[in-house]
Amino acid sequence: MISVIISPEIQKKIPDFKIGVIVYHDIVVNESPQMLRGRLDYFQEELAVRLEDKSYADIPGLDEWRKTFKTLGTDPSRYRPSAEALYRRVKKGNKLPGIHSAADLNNYFSLKYEIPLGIYDRDQLDGPIEIRVGTESDRYEGINGREMNMTGKPLSADQTGAFGSPIVDSKRTMTTENTKNALQLVYLKPSMNKEEAGHLLQDVGQSFEQIHGGTHETAFIHE
């Protein structure tokens, strides 16, 4: 299991901040099977109907992550948590594009649990990982093709530098159909207890393994 720690700065500002970690070994990433595409499409259609008369503040996970961003000094109206960005797209009637099985399943669970998740190529990561607030030197090319200035924003960093965030991840460590080993960071709701988190991580890990093969191991990081 790769070492993942939460910085003292985040622990001090948000004592209940917690992360779920899932490491996958010997997987096969491919075009999403029809079962997954159908499941994701149906869930988006169902969600779009439920969102018609709701504001994003009515959705517990999104509201909690907006408050988390504010506490960490990030304006959630300018830099939205990735789960909220997905919800906004669905509410507008824009279906999420198919990418590949790992990214599509990641998006499904982000919608289901109302939280950001990041999925990374484990073999592109360098050493232990820290979840911290970005500094002026933290920049990377995002998977959206934009140069991301991560100053003052929550991020994940390895020994090479910042590579991910509950906002947008980097191209350097993104999963592709060549990925054989992966790391998934699950940005759990701070209000979630360890038992709930355990069930969530089990759901995500087992579903990922059913589609991609291989094996997985999980960890719950709270302090």
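Sequential numbering from 1 along the given sequence is applied to the chain's residues.
- Taking the six-membered ring where the residue is Trp, Tyr187 and Trp65 present perpendicular rings, their angle passing 60° and hence far from 30°.
- For the pair Thr173 (side chain) and Gln124 (backbone), a donor-acceptor distance under 3.5 Å is absent.
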>> Test side-chain hydrogen bond (donor to acceptor under 3.5 Å, both in side chains) on Thr68 and Thr71; report intermediate values, then the result.
In response: CA-CA 5 Å; Thr68 297; Thr71 303; over 6 Å; no

>> Between Tyr140 and Phe163, does the ring-ring contact (aromatic ring centres under 6.0 Å, His included) criterion hold? Intermediate values first, please.
In response: CA-CA 7 Å; Tyr140 57 71; Phe163 68 84; 8.2 Å; no

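- Looking at Asp158 and Arg172, a side-chain N of the basic residue comes within less than 4.0 Å of a carboxylate O on the acidic one, giving a salt bridge.
- Residues Pro154 and Pro166 approach most closely at O-CD, 3.5 Å, considering heavy atoms.
- Evaluation of the side-chain hydrogen bond (donor to acceptor under 3.5 Å, both in side chains) rule for Glu114 yields no partner, not counting sequence neighbours.
- Under the ring-ring contact (aromatic ring centres under 6.0 Å, His included) criterion, the residue pairs touching residues 66-119 are Phe43-Tyr108, with sequence neighbours excluded.
- In terms of heavy atoms, Pro116 sits closest to Pro81 at CG-CB, 4.3 Å.
- Applying the side-chain hydrogen bond (donor to acceptor under 3.5 Å, both in side chains) definition to pairs two or more places apart or across chains, those involving residues 42-53 are Glu45-Lys95.
- To the nearest 0.5 angstrom, Glu209 atom CD is 10.5 Å from Ile22 atom CD1.
- By the rule that hydrophobic residues join a cluster once side-chain heavy atoms approach within less than 4.5 Å of another member, Leu96 and Leu62 end up as members of one cluster.
- Among Leu105, Val23, Leu117, the one residue that satisfies the side chain to side chain contact (heavy atoms under 4.5 Å, CB included) test with Gln184 is Leu117.
- Among all heavy-atom pairs drawn from Thr175 and Asp121, the shortest one is CG2-N, 3.7 Å.
- Transitive grouping of hydrophobic side chains (ILVMFWY, heavy atoms separated by less than 4.5 Å) brings Ile27 and Ile211 into a common cluster.
- Considering all non-hydrogen atoms of both residues, Ile131 and Ser156 come closest at CD1-CB, 3.7 Å.
- Under a 4.0 Å N-O distance rule, the pair Arg132/Asp138 qualifies as a salt bridge.
- The same ILVMFWY cluster, assembled from side-chain heavy atoms under 4.5 Å apart, contains both Ile167 and Val133.
- Residue pairs meeting the salt bridge (Lys or Arg N to Asp or Glu O under 4.0 Å) criterion with at least one partner in residues 12-26, sequence neighbours excluded, are Glu9-Lys13.
- Atoms CD1 and CG, from Ile99 and Asn106 in turn, are 9.0 Å apart once rounded to the nearest 0.5 Å.
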>> Apply side chain to side chain contact (heavy atoms under 4.5 Å, CB included) to residues Glu147 and Arg139 and explain how you reach the verdict.
In response: CA-CA 7 Å; Glu147 180 71 16; Arg139 296 174 179 270; 3.6 Å; yes

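- Tested against Val186, the residues Thr218, Ile115, Ile221 include a single side chain to side chain contact (heavy atoms under 4.5 Å, CB included) partner, Ile115.
- Leu185 places a side-chain heavy atom less than 4.5 Å from the side chain of Ile19.
- Open room surrounds CD on Glu195; 12 or fewer heavy atoms of other groups in view lie less than 6.0 Å from it.
- The existence of a salt bridge linking Asp104 and Arg37 is confirmed by a sub-4.0 Å separation between a basic side-chain nitrogen and an acidic carboxylate oxygen.
- Side-chain contact of Ser101 with Glu31: a donor-acceptor pair under 3.5 Å is absent, judged by distance alone.
- With sequence neighbours left out, Lys112 forms a side-chain hydrogen bond (donor to acceptor under 3.5 Å, both in side chains) with Asp203.
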>> Applying side chain to side chain contact (heavy atoms under 4.5 Å, CB included) to Arg66 and Glu84, what does each step give before you reach the verdict?
In response: CA-CA 9 Å; Arg66 286 182 66 89; Glu84 182 178 330; 3.0 Å; yes

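- Of all heavy-atom pairs spanning Ile2 and Arg122, the tightest one is CD1-CZ, 3.6 Å.
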> Under the side-chain hydrogen bond (donor to acceptor under 3.5 Å, both in side chains) criterion, do Asp169 and Tyr120 qualify, and how do the steps go?
Replying inline: CA-CA 9 Å; Asp169 292 319; Tyr120 311 98; 2.7 Å; yes

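- Between the side chain of Glu64 and the main chain of Gly61, no donor-acceptor pair closer than 3.5 Å is present.
- Considering all non-hydrogen atoms of both residues, Lys54 and Lys91 come closest at O-NZ, 2.6 Å.
- Heavy atoms of other residues, nucleotides or ligands lying less than 6.0 angstrom from CD of Glu136 number 12 at most.
- Between the Thr179 side chain and the Thr176 main chain, a donor and an acceptor come within less than 3.5 Å of each other.
- Counting only distance, with no hydrogens or angles, the side chain of Thr160 and the backbone of Leu125 share no donor-acceptor pair below 3.5 Å.
- Applying the side-chain hydrogen bond (donor to acceptor under 3.5 Å, both in side chains) rule to Lys171 yields the partners Glu141; only residues at least two apart in sequence or on another chain are considered.
- Two different hydrophobic clusters hold Val49 and Leu40 under the rule that ILVMFWY side chains link at heavy-atom gaps under 4.5 Å.
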